[in-house]
Engineer: 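This is the structure I have questions about; it appears just below.
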Protein chains: 2
Amino acid sequence: MLSKKTQYALRALSFLAARFDQGPVLIHEIAEQKKIPIKFLENILLELKNADVLDSKKGRGGGYFLKTAPDQTSLAKVMRIVEGPIALLPCVSLYFYQKCADCTEEVCSINGVFIQVRDATLKILESKTLEDIQELRLEAIDFSI
Amino acid sequence: MLSKKTQYALRALSFLAARFDQGPVLIHEIAEQKKIPIKFLENILLELKNADVLDSKKGRGGGYFLKTAPDQTSLAKVMRIVEGPIALLPCVSLYFYQKCADCTEEVCSINGVFIQVRDATLKILESKTLEDIQELRLEAIDFSI
DNA sequence: TTATTAGTCTACAAATTTTGTAGTGTTATT
DNA sequence: AATAACACTACAAAATTTGTAGACTAATAA
């Protein structure tokens, strides 16, 4: 399961994606709208900024905003930043590889399946972007058509 | 990432699968061969027994063994027993469903992707069984052919 | 240039989960 | 009976996650 931190990050990004190109959004506003503890959210947004997903502006009129268009950031990238590895086993991770502690088998009989799971998962998460999880804003839809 | 507990469970089952139909195996032997803390392993095996994956025999000549043939137990089943949910979000889990805490969206824009990830993962884990992760025993292969 | 606004950064604390241990009980075999 | 081996409960240590505090820096506007 994804940690709360990652869930918070996805919600915040979903919100910011819907406001792309509309100027900076206050941390305060995101926290309130998405019911995320504000100080926790501060840390998360900062981490995403340091990883080049977000950008920010200080002072009056400041806030956070997507650094690039929503379709330019994959969900895989976001998850690696806030959650860490996507693979289910360390010995099968592409970005966070670690030799299995105490692996006693000469040829691992377990990792094959988890390579398949990893690839199936990545196929989706690498192709889906913030655009795909963008908050739907009903007030932005013209029902008069 | 899978917890150590789940990794231990998979290793133990991989070992027991290779010994299916050869009588009970001592906890002690599994622990030693697979380098798993024995008391921790006891708890794991017991849990798998209570979930009908394993069976056991007490007293001299006793031990643990698979309750059914290796190809009868899917990895999804094992993971649900020892790890819990396979889905990445509670609101998308089939067996451990929970309403997302503080979900503020009328229509969730996030869960769609994670339903796809869940289905792709399950397609693999439901079809793969203990037979597929069975330990390869080199000494059991006849190289003279 | 000073007051105010809003993000930055470090450190810590509380809560929860994971990992591992101890010890006693129960059942089967010899 | 004695012994072997799993069963079960409870607890403890360690690690991780979640959340908070507070001082600092940069940008804006009066």
Side-chain angles (χ1 to χ4, degrees), chain A residues 1-12 16 23-32 34-67 79 81-85 88-90 96 98 101-102, chain B residues 1-12 16 23-32 34-67 79 81-85 88-90 96 98 101-102:
Chain A
M1 293 281 252
L2 300 182
S3 63
K4 287 239 177 186
K5 184 183 172 191
T6 301
Q7 294 182 44
Y8 289 159
L10 291 173
R11 286 182 192 174
L16 288 172
V25 181
L26 295 180
I27 295 179
H28 175 81
E29 188 183 352
I30 306 172
E32 193 162 280
K34 293 300 186 178
K35 295 193 181 157
I36 303 171
I38 191 165
K39 283 303 237 175
F40 198 10
L41 181 58
E42 269 185 22
N43 297 331
I44 296 168
L45 296 179
L46 188 56
E47 204 171 347
L48 288 167
K49 180 193 167 171
N50 291 333
D52 280 332
V53 168
L54 296 179
D55 204 350
S56 68
K57 212 184 146 191
K58 286 184 177 180
R60 190 184 198 92
Y64 273 99
F65 49 94
L66 295 193
K67 190 163 186 175
M79 285 186 51
I81 294 165
V82 294
E83 180 81 16
L88 294 179
L89 292 177
F96 299 84
Q98 277 187 288
D102 297 322
Chain B
M1 295 281 255
L2 300 183
S3 64
K4 287 238 178 187
K5 184 183 171 190
T6 302
Q7 294 181 44
Y8 290 158
L10 291 173
R11 286 183 193 173
L16 288 172
V25 181
L26 294 181
I27 296 179
H28 176 80
E29 188 183 353
I30 305 172
E32 193 162 280
K34 291 301 184 178
K35 294 194 182 158
I36 303 171
I38 190 165
K39 283 302 236 173
F40 198 10
L41 181 59
E42 267 185 24
N43 296 332
I44 295 169
L45 296 179
L46 187 56
E47 204 171 348
L48 287 167
K49 181 194 166 172
N50 290 333
D52 280 331
V53 168
L54 296 179
D55 204 350
S56 67
K57 210 185 149 191
K58 287 184 177 178
R60 191 181 198 92
Y64 274 99
F65 48 93
L66 296 192
K67 189 162 185 174
M79 285 185 51
I81 293 165
V82 293
E83 180 82 15
L88 294 178
L89 292 177
F96 299 84
Q98 276 187 289
D102 296 322

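Naming convention: chains lettered A, B, ... in sequence-line order (proteins, then strands); numbering from 1 in each chain. Small disclaimer: the values here were computed from a predicted structure and weren't measured.
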Engineer: Rounded off to whole Å, could you give me the CG-to-C1' distance for the A:L41 and D:dA21 pair?
Structural biologist: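 My rounded result for the distance is 17 Å.
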Engineer: Can you check the B:E47 CD to C:dT18 C1' distance for me, whole Å?
Structural biologist: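 Rounded to whole Å, this separation is 13 Å.
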Engineer: Considering only heavy atoms, which members of residues 1-9 of chain B lie under 4.0 Å from some atom of DNA chain D?
Structural biologist: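 Hits under 4.0 Å, by residue number: none.
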Engineer: Which pairs pass side chain to side chain donor-acceptor pair (under 3.5 Å) with one or both residues in residues 45-59 of chain A, sequence neighbours excluded?
Structural biologist: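 Only A:K5-A:E47, A:K49-A:S56, A:D52-A:K67 qualify under side chain to side chain donor-acceptor pair (under 3.5 Å).
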Engineer: With A:Y8, which residues qualify under ring pair (Phe, Tyr, Trp, His ring centres under 6.0 Å), at least two apart?
Structural biologist: A:F40
Engineer: What string of B, S and - do you get for nucleotides 4-15 of chain D, 5' to 3', when a contact is any protein heavy atom under 4.0 Å?
Structural biologist: BSBSBB------
Engineer: Give the rounded distance in Å between these two atoms: CD1 of A:I36 and P of D:dT20.
Structural biologist: 13 Å
Engineer: Taking side-chain hydrogen bond (donor to acceptor under 3.5 Å, both in side chains) as the definition, give me every residue that meets it alongside A:E83, ordered by chain and number, with sequence neighbours left out.
Structural biologist: A:S3, A:T6
Engineer: Figure out the CZ/P separation between B:F40 and C:dT18, and round it to whole Å.
Structural biologist: 10 Å
Engineer: Can you name the ring pair (Phe, Tyr, Trp, His ring centres under 6.0 Å) partners of B:F96, sequence neighbours left out?
Structural biologist: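 Here no residue qualifies.
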Engineer: Please tell me if the side chains of B:Q7 and A:P90 come closer than 4.5 Å, counting only heavy atoms from C-beta onward.
Structural biologist: yes
Engineer: Atom CD1 of A:I44 and atom P of C:dT8: how far apart are they, to the nearest Å?
Structural biologist: 14 Å
